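Read the structure below first, then the notes.
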Amino acid sequence: MNHTVRVRYAPSPTGEPHLGNIRTALFNWLYARGQGGSFIVRVEDTDQERLVPGALNSILDALLWLGLDWDEGPTDDGKGNKGAFGPYFQSQRLPLYHQHTERLVASGSAYRCFCSSARLDAIRRAQQQQKLPPGYDRLCRDMPEDERRRRLDSGEPSVVRFRVPLEGATTVHDIVRGEVTWENRLLDDFIILKSDTFPTYHLASVVDDHVMQISHVMRAEEWLPSTPRHLMLYYALGWAPPKFAHLPMILGADRSKLSKRHGATSVLEYRTQGFLPDALLNFLTLLGWSLDDKTDVISRADLVRHFSLDRITKAAAIFNAEKLTWMNGVYVRAMSPQALAEQMLPFLERQEADGGLPNDIPMPLDRSYLLRIVPLVQERLKLLSESAELTGFFFQEHLAYDASLLVQKGMDAAATANALRQSSQRLAALSSWDTATLEALFRPLADELGIKTGQLFGAVRVAVTGRTATPPLFQTMEALGKERCMARIALAIDSLKP
Ligand code: GLU
C-alpha cells in the first residue's frame, strides 16, 4: 500500500481567490507539509464559458503571498506546468478523459444521450409543476444500438451520461462528517462528457484524482453531494477511491453564507488592506480547525506541526472580522522593527490617493529614519495600511495644523509662545539628543515657567508633530532629531504672532 500523502487544491479559474477557496488550499497545504507529502495545484478549467481572464494569476498570487507553495501544478506565472503528473490544466488533458469515457461506455456504465436542451428544459418545467425532484428522465438510457450508431454517425450532438444504478445506496465515509448515505434512485444519470467534448467536473475530478495518485480529497462541504457520484465513477472504472474530508462552510456573524456584506472576500483585498500573510494564515486555519478549542495565536511552524484531520470541525465556521484585525495587531507587535519597516515601506511609498504618504515627500524614504520611527508606532499599528496615517508627521516638510491647537487649556497665545521660545533656547544648547536628556530638560522647565507639565508638553507636542495625540513625546522628539524639532518649534512660535 502506498501511504504517501498527496493532496490537491483544484481551483476553477472563474473569479477572485475567495477566502473560502483559499482556506481549502491552506488545509491541503498544511496537511501535506505536516505529513511530508505533496501539495498539488490542479486547474479545473473545463467550463470554458465561465473562465475569467487573469483569475488563475490572482489565485496563484494569493497562494504565493500566503506562502502556500506547491510541489506540482502550474508554474508560478500560470503559463507552464511543473511536476511528474502533468499537465495540471484539465483543458490540456482531454484525451485522457475521452479514453476513460470510452471505457465506461464499453462496459455499459455510461451511454450516449441525444436529448436536446429544449427537451431537457421541458422535462425540468414539468417536474417543477408536479413538484417532482429535478433530473433526467433517462430516455436515451436503453436506446437500441442501431439507433445510437445511426444518430452518432449522422453527427447529431450528444453527451455521455453515467448509468446510475436504479437500486441500492452509496455511502461516503467522510473523515469529517462520518458516514453519509444516498439512495441511488435519487441520483439522476449525470453527464460526464459534454457535447463540446469537454468532461464535466465529476469525470475530470475523478480521473485526475486517480491518475495523479491523490490520497486525500479535502474540499468544501458544498461538494459532498457530488461525492456519491464520484464513488460510482471510481467503482465503475475499477479504481480505489481516495479518502474524503469535506470542510465546514464559512459563515458571516449573522450565520449567512460569507459574502461582500461581511467584508472583503478576496484574499488579495486583505493584502491591499494591510494584513500580514502570517496573521491571515493563522486566522484562516481557525475557520474550521482548532488546536485545543482555546489557542488563537499559533505560528506557521506550529500549525504545520499540529494540523490534523481529526480536529477539523463539523460545525460551520464563523468569520469574525474584528478577530482578524486583532490578530493582525498581534503579529505586527511580534515583528522585529526591521521586518515591520520592510512590510510598511510599500504602503508608505504608494500613491497618496492609495493611502500612501503625501506626494510631496521625497521618495524613496530614508530607511534608517524609518527604522527609528517604527518602534514608536508598532504598538498602535493594526494594519499596514495605517502606516502613512501614523507616521506621516515624521516625514512631512510642512505640518499643516491650526495654530489654536498649540494653546493649551488655561494658557493664551502669548504664554504659549513664551513657553516655546524658552524651550527652543534650552534645546539649542543641548549637545546630546535622546529621550532621557529631553525629559530632564522639560520637567523642571514647566516648574520654572509656572505652568503644568501637561501644558508645556502639550504645546511642544503640537509644535513638533502638528497633532494632539502621538507616541510618547520625548521618544518622538528623539526620532525626529534636533534639526527638525528646532525648525518646527520656530514655525510654531511664528504662527502664534498676533
Ligand atoms: N473546481 C472545484 C472548485 O472550484 C474543485 C472541487 C474539488 O475540490 O473537487 O471548487
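Just so you know, residue 1 is the first one in the sequence shown, and it goes up from there. All figures in this text were calculated on a predicted structure; none of them were measured in a lab. Both counts, for ligands and for their atoms, begin at 1 and track the order of listing. Quick note: numbers below take in every heavy atom, side chains included, and nothing from hydrogens, waters or symmetry partners.
When each atom of ligand 1 is checked for a heavy atom of Tyr201 under 4.0 Å away, the hits are 6 (C), 7 (C), 9 (O). Distances below 4.0 Å separate heavy atoms of Ser12 from the following atoms of ligand 1: 1 (N), 2 (C), 3 (C), 4 (O).
Classified by interplanar angle (parallel below 30°, tilted 30° to 60°, perpendicular above 60°), the ring pair Phe307/Tyr31 is perpendicular. A perpendicular orientation is assigned to the rings of His202 and Phe190, their planes being inclined by more than 60° (bins at 30° and 60°).
Residue contact annotation: Arg8 has a non-hydrogen atom under 4.0 Å from ligand 1. Not a single heavy atom of Tyr9 lies less than 4.0 angstrom from ligand 1.
Note: an N/O pair closer than 3.5 Å links Ala10 and ligand 1 by distance alone. Inclusion of Arg219 in the set of residues having an N or O under 3.5 Å from an N or O of ligand 1 is warranted.
For the side-chain contact (heavy atoms from CB on, under 4.5 Å) with Phe275, the lone residue among Leu281, Leu384, Asn328 that qualifies is Asn328.
Counted within 6.0 Å of CZ on Arg50, heavy atoms from surrounding residues, nucleotides or ligands total 12 or fewer; the atom is thus considered open.
Minimum heavy-atom separation, Leu303 to Trp289: CD2-CZ3, 3.9 Å.
Cation-pi geometry between Arg23 and Phe27 is satisfied (NZ or CZ under 6.0 Å from the ring centre, within 45° of the ring normal).
Of all protein heavy atoms, the one closest to atom 1 (N) of ligand 1 is Glu44 OE1, 2.6 Å.
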